[in-house]
Amino acid sequence: MTFNTYRKEKKRSYKKNAFNITNWKYDKEGDYFTCPNEKQLTFRCRSEKKDRNGFTRRFKVYECEDCTGCPFRSQCTKAKEGNNRKIMYNEKWEQQKEMTRALLSEEKTGEIYGRRKTDVEPVFGFLKANLRFTRMSVRSKEKVENELGFALMAVNLRKFSAMSAN
Ligand code: SF4
């Protein structure tokens, strides 16, 4: 499976966006990024955020040494005048994305993903968008399997009736 921004991140516009930190130089030894204004964004602290599903995400916070008078400021940051640009870097997530990219660049996995895109993803898209099936209403593995089974059966019946009509 890909991550939600996989396709967006493959676009040329994304790779060429000079203000996107994934396009900035990173110095592993010094643990800092270098921005388009040749300033260093150094590590300041660690931070945690809980998402709406209760999952805790851990970030490394970096801050630019000095954004004062930067000619790129309006394109680069919404930080108030006098404040420097800060970035929240989720190391684990970035590693995970890198691993996914590497896997998908292999011929065999790329082929499987191509099939998944046409065979599997439309089914989940239909379930979520048209049937509003976005969460399970039961608990326990057995009940979840049954509920999902009914939902998939409905999708298959729809496919079957569409094919029979042709
Ligand atoms: S606003 Fe700050 S981080 Fe962004 S390019 Fe300018 S100096 Fe660098």
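Note that the structure is a prediction, hence the values are computed from the model and not measured. When a ligand or atom number is given, it counts from 1 through the structure's own listing order.
- In terms of modelled atom types and a separation under 3.5 Å, the side chain of Thr77 and the main chain of Arg85 share no donor-acceptor contact.
- Under 4.0 Å is where a charged nitrogen must lie from a carboxylate oxygen, and between Lys108 and Glu111 no such pair does.
- Residues passing the side chain to side chain contact (heavy atoms under 4.5 Å, CB included) test with Ala154, sequence neighbours excluded: none.
- Applying the ring pair (Phe, Tyr, Trp, His ring centres under 6.0 Å) test to every pair with at least one member in residues 29-58, sequence neighbours left out, gives these pairs: Tyr26-Phe33, Phe33-Tyr62, Phe33-Tyr89, Phe43-Tyr62.
- Panel note: side chain Glu147, backbone Met136; no donor-acceptor pair is recorded below 3.5 Å.
- Take Glu142 and apply the salt bridge (Lys or Arg N to Asp or Glu O under 4.0 Å) test, not counting sequence neighbours, and it matches no residue.
- Note on atom 6 (Fe) of ligand 1: protein N/O/S atoms under 2.8 Å are Cys70 SG.
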